[in-house]
Structure formats: structure tokens, C-alpha cells
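Below is one structure, written out as C-alpha cells; comments come after it.
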Protein chains: 2
Amino acid sequence: MKIDPTSPADLSAQIAKAIRDAIISGALPVDERLPSEAELADQFNVSRPTVREALKRLAAQSLIRTQRGATGGAFVNRLRFEDAYGQQITTSTLLLSMNDVSFATACEARYALERACAPLSAQRRTADHLATMRAETHRQQQPGLTDEAFCASDVAFHRALVDAAGNPVLSYQLAGAVEAMQPLMNMITFSARDRERIIGLHGAIADAIEMHNSMAADDTLAKLAEYTQELAQAVIAQRNTAKQGN
Amino acid sequence: MKIDPTSPADLSAQIAKAIRDAIISGALPVDERLPSEAELADQFNVSRPTVREALKRLAAQSLIRTQRGATGGAFVNRLRFEDAYGQQITTSTLLLSMNDVSFATACEARYALERACAPLSAQRRTADHLATMRAETHRQQQPGLTDEAFCASDVAFHRALVDAAGNPVLSYQLAGAVEAMQPLMNMITFSARDRERIIGLHGAIADAIEMHNSMAADDTLAKLAEYTQELAQAVIAQRNTAKQGN
DNA sequence: CAATTTTCATTTGTCAGACAATTAAACGTC
DNA sequence: GACGTTTAATTGTCTGACAAATGAAAATTG
């Protein structure tokens, strides 16, 4: 682990990269304790604040955890799927909002990925996943539900569908795509008839998953994707009309 | 943007969270300049090193960039897909290596996602994407190629296939799944016959994509997924035998 | 001797103040 | 007006210090 002292700027970034590479390569195994900040400062020939900045960078990526006290220090963190979910969702959300990604593009990606899960979900779903899907479908029928709450329930439904595939890697990848869509979905106003149609499709999806019918699940997801795109286009068209009216 | 001064520990984490939330909510738009470190220290009633640790956390996530000089400071960064790729790949790689994710699980996820792209790729592929796929297939036929180089070319082929879908969100999501598999793939030794079969399937995929035949592309991807799983199982079985032999 | 309490050394978290490096704008000079 | 020069602002880094937490060792007590 070495840094280049000739380029005086961004020492903390260089140190962070050196340690990160050591972790990725496996040179620093999980739960290994890093040298103390003072020792690292000595090794890299920098001051302790600089070392600390480097460690904070790594902590932001959940690569290390720190503990105070006599036997404390910085430890290589076992990156768990739950930790990675949050980062993945944050990153995906910002990517969508900062890059003028159209609703159509994001929606297309989301449903393409979800349809990739559907066959596995139909095959492996447990009673638990099915119950969650039914519960969310039921919640969506409540009359006083705000659009936001409706969307949140929609996300919960689709996450249950994805988790039913029983593949944590898929769940992790999909978490970003599904959750990041929520802010975009929240821009849509769902009429009672819209909701009815969506709830109907959700019910059909749950039915298909229950009966291990992957073809039906895929077909219904395709319909849901199409309908969602239609709704969004209507909203966009209406907004443009309103704009021209001003 | 406020922090809780009563819990004295992890002030930098609280400050980072406050600023991150402001960015996510849109209160701090892209390219907006944050207050100087001294001003932030004043606002949050902490010292400058503490503020700096918070800013480094955000820099690690590419949420801000810093610039020295008179008009310098920390600016809200436009998170680009290319920046996010790297983080996504790092996180995915570590997730797989640190959580004992089996080859089968990772492989299943990867091919499920890739097959989600295939119909779009078949529909929209440009001559450029096709040329990349052909070039990589050709490279894979070179006789002296190391297993590692073969895998690298394999990744390049599949990335071209994914990019052909013309959906940056999909490309971003898939980058993690495809690239994170590479260390696992590198554990496999490919015999000449193995390579021949894989190259043949790659050619068939490229053919299907060229002819906009999504069904054929999907079928061939399924075959490739199955064959990859077979190869991996053989390697694992062989390794277990070798272990018992010791 | 065993259990409990106290002390202590280690380590991270935070602070204050300082100086170097960089950068662009303001200023002065030709 | 064009072109160096100065200057102010800002980040990057360093030094030294103290507070807080924490586990281990030492001292105390029953």
C-alpha cells in the first residue's frame, strides 16, 4: 500500500484508494483491524486528519466501520446486501433526477428487469411473499389513500415480487431500479379508474405467481408496463397543454 | 439542514447526511456551490476538520466535487452514469466476494438480467454495437489467449450486447451484474473445446441481434447460461475431488 | 480466593490555529 | 486596452491538544 507523495493534492483520496484496493484484492480480509490512525499516518507519512479523511471516504461506502476505545479502531466491514440497497437506491435516484432520464426510459428499464425476475418468482415464491403481495394489493383498494401512499404500496408489491425470486443478487440490482422510480411515479395523479385497473393487474400477477404460471405473470407485467407508460404519457401531454395555455 | 448536537459522536456523519438529504431533495441543485468549509463549520457549530470529514464522505459518493482557489469550494456534482458504473461495480464485486454468493446464484442473476435486455437489443442495435460484438467474438478465437483475457473479452461482448438496448438505466444496472461476475469467471479454466462452444454461441447471439430476432437471441442466451453453469459445476466438482485426494 | 470496583492505557472524535497551494478577480503599469 | 502583479478567498495539510469511550489490568473488598 503506497501513495505518490510527489502529487501533493488529494492525499486522502490516494490513501483511500490504496486501502480500498487492498480490501477488494482480499489482502485485508473481513473483520481485519486496520492499523490505528496514528500508525497509518506514520506509514503514509501524512498527518492524522488526512488519514481520517481517507477513512471517512471508506466509511461512506460501508467498506469499514470504526469503534472507539482501547481495542477499537477501523475494521474491514462485511458489506451486507441491506447496506448496499441504500446506496444503490440513493445513487439510482440521483442518476435519474440529474440526467434528465425520461419516464419512458426508466419505466422501460424497470419493467424489463422485473420481467426477468418473473419466471424465477413464479417458480420459487413462498407463501410469505404471496401474502405480502396480496396485502399490498388489498391496501391499494383503500378509498382514502393518497397518491403517494398508493405509490409506496406499489413499490412494496413489486419488491415482494422481486424478492420472491429468491436470488439476493437480483433483489439488490432491482432495488435500485424499482425504488428510484418512485419519485417519478409520484408525479402521476391516479384517478379511481386508473387505480382500479392497476389493482386488477396486481391481482392477476399475484394469481399467476400463486399458480406458478410464469407465462401469465410475464404477460400481465407487460400489460402493466404498457398501461403505466400510457398513464405517464397522458400526464405529460396534459402538462404540455397547460403550459401552452399560459 | 440541522444536526443533533446532543449526540456528540459521529457529527461528520450527521452533517454528511444533512447535506446529502438536501441534494437528494433538490434543495441544492446541480452545480450549486456549497458554503465554504469555514461557513459550514459556523453554521453547524463544529470545527473545520469535522466539516471536511463530512465533505469527504460526500465526495466518496461523487455527490460533490471540490475546487481550490478564490472561486473554489464544494459544488453539487452532476452524477453521471460513468461515475456511477465504477461504484456499482465495486459494490457488486465486494457483495459477491464477501457474502459467499454461489456462482450459480450470481450467474442466474446475470443471465436473467441480460435476457431482459435481449429483446430491446435485438430491436435497436446499431452497426456499432454489432461491430463490437463481432470484434470481441473474433478476439476470443485467438489461440494464445489467456483465460483472463478470454474472460475480459467475454465481458466486453456482453456489455456491447447490453448497451445495444440503448437504455442507459439498463446499462448502468447491468454493469454491476456483468462486471462483478468476472472474478468468479476467472476461476474457471476454459479448455479449447469449451471456448469453441462459447464462441459459437456468441456468434449465434450476434447473428440473432443482427437479424433483429429477439426470440433466437433469448434462446441462445439461455443456452449460454446453461452451458456456463455446467462448466462451473464441473470446476467445482473437480476441486472437491482434488480436496478429498489430499 | 473470588468478585467487584477502580484505574489506566489505547483509540477514535473533536477542536483550535496555523501555513502552503491554488485560483480568479482586482489592481496597477505600460 | 493589453498585460503582469498583487491580493483575497478557499481548499489541502499539519501540529498539538483534549474529550469520550472502552476494554484490560490492577487494586480493593468480602
Side-chain angles (χ1 to χ4, degrees), chain A residues 1-20 22-23 28 31-77, chain B residues 1-20 22-23 28 31-77:
Chain A
M1 284 201 298
K2 279 179 188 169
I3 58 172
D4 176 17
T6 60
S7 70
D10 273 331
L11 286 178
S12 74
Q14 290 180 48
I15 293 170
K17 182 176 186 331
I19 298 177
R20 179 163 38 235
I23 294 174
L28 291 173
D31 291 335
E32 177 92 346
R33 184 180 172 282
L34 298 182
S36 75
E37 295 175 354
E39 284 171 329
L40 285 172
D42 256 11
Q43 280 184 30
F44 288 113
N45 224 334
V46 298
S47 69
R48 196 159 83 92
T50 303
V51 167
R52 281 183 62 79
E53 288 178 8
L55 293 181
K56 293 311 168 195
R57 294 180 116 108
L58 300 176
Q61 297 179 299
S62 306
L63 294 188
I64 61 170
R65 61 178 185 278
T66 56
Q67 211 175 355
R68 278 211 271 201
T71 59
F75 297 83
V76 177
N77 198 27
Chain B
M1 283 203 298
K2 278 177 189 169
I3 59 174
D4 176 17
T6 59
S7 71
D10 275 329
L11 286 178
S12 74
Q14 290 180 49
I15 294 170
K17 182 176 186 332
I19 299 176
R20 178 164 38 236
I23 294 175
L28 292 173
D31 292 334
E32 175 92 348
R33 183 179 173 284
L34 298 182
S36 73
E37 295 175 354
E39 285 172 328
L40 285 172
D42 254 13
Q43 280 184 29
F44 288 113
N45 224 333
V46 297
S47 70
R48 196 160 82 91
T50 302
V51 167
R52 282 183 61 79
E53 288 178 9
L55 294 180
K56 293 310 170 195
R57 294 178 117 107
L58 300 175
Q61 296 179 299
S62 306
L63 294 187
I64 62 170
R65 61 177 186 279
T66 56
Q67 212 173 356
R68 278 211 273 201
T71 60
F75 298 83
V76 177
N77 198 27

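Note on naming: letters A, B, ... go to the chains in the order of the sequence lines (proteins, then strands), and numbering restarts at 1 for each one. Values below: every heavy atom of this structure, side chains too, minus hydrogens, waters and symmetry copies.
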Check: Rounded to the nearest Å, what distance is computed from the CD atom of residue A:Glu37 to the C1' atom of nucleotide D:dG16?
Finding: 15 Å
Check: What's the CG-P distance between B:Leu55 and D:dG12, to the nearest Å?
Finding: 9 Å
Checklist line | Gap between atoms CZ and P, on A:Arg52 and D:dT13 respectively (whole Å) | finding: 15 Å
Checklist line | CZ on B:Arg48 to CD on B:Glu39, rounded to 0.5 Å | finding: 12.0 Å
Item checked: Donor-acceptor contact present, side-chain A:Arg33 to main-chain A:Gly72, <3.5 Å -> yes
Notebook entry, point to check: Which nucleotide sits closest to the side chain of A:Arg68: D:dA19, D:dT13, D:dG23?
Noted result: D:dA19
Next item on the list: Could you check which of D:dC14, C:dG13, D:dG12 has an atom nearest any side-chain atom of A:Val46?
Entry: D:dC14
Item checked: CD1-CZ distance between A:Ile15 and A:Arg20, expressed to the nearest 0.5 angstrom -> 12.0 Å
Item checked: Distance-only donor-acceptor test (3.5 Å): side chain B:Arg33, base D:dT10 -> no
Notebook entry, point to check: Whole-Å distance between D:dT10 C1' and B:Arg65 CZ?
Noted result: 15 Å
Next item on the list: Please figure out whether A:Glu53 or A:Thr71 has its closest DNA chain D nucleotide nearer the 5' end.
Entry: A:Glu53
Check: Can you tell me how far P of C:dT11 sits from CG of A:Leu40, to the nearest Å?
Finding: 11 Å
Next item on the list: Name the closest nucleotide to the A:Ser47 side chain, picking from C:dT14, D:dC14, C:dT23.
Entry: D:dC14
Check: What about A:Arg48, does its side chain sit under 3.5 Å from the base of C:dG13 through a donor-acceptor pair?
Finding: yes
Notebook entry, point to check: Which nucleotide in the set D:dC14, C:dA24, C:dG13 lies at the smallest distance from any side-chain heavy atom of B:Ala70?
Noted result: C:dA24
Margin query: Using the rule side-chain contact (heavy atoms from CB on, under 4.5 Å), only one of A:Val51, A:Asp42, A:Leu40 pairs with A:Pro35; which is it?
Written below: A:Leu40
Check: Between B:Asp10 and A:Arg68, is the closest basic N to carboxylate O distance under 4.0 Å?
Finding: no
Note to self: So if I take every side-chain heavy atom of A:Leu11 and compare against D:dC14, D:dT10, C:dT14, which nucleotide ends up nearest?
What the structure shows: D:dC14
Next item on the list: Check the distance between C:dG13's P and A:Gln67's CD and give it to me in whole angstrom.
Entry: 10 Å
Item checked: d(CG, B:Leu58; C1', D:dT11) in whole Å -> 16 Å
Margin query: With a 4.0 Å limit, can you tell me whether B:Thr50 has a side-chain N or O closer than that to the phosphate oxygens OP1/OP2 of C:dC15?
Written below: yes
Notebook entry, point to check: Side chain of B:Pro49: nearest nucleotide among C:dC15, C:dT14, C:dT12?
Noted result: C:dC15
Notebook entry, point to check: C:dG13 P sits how many Å from B:Phe44 CZ, rounded?
Noted result: 19 Å
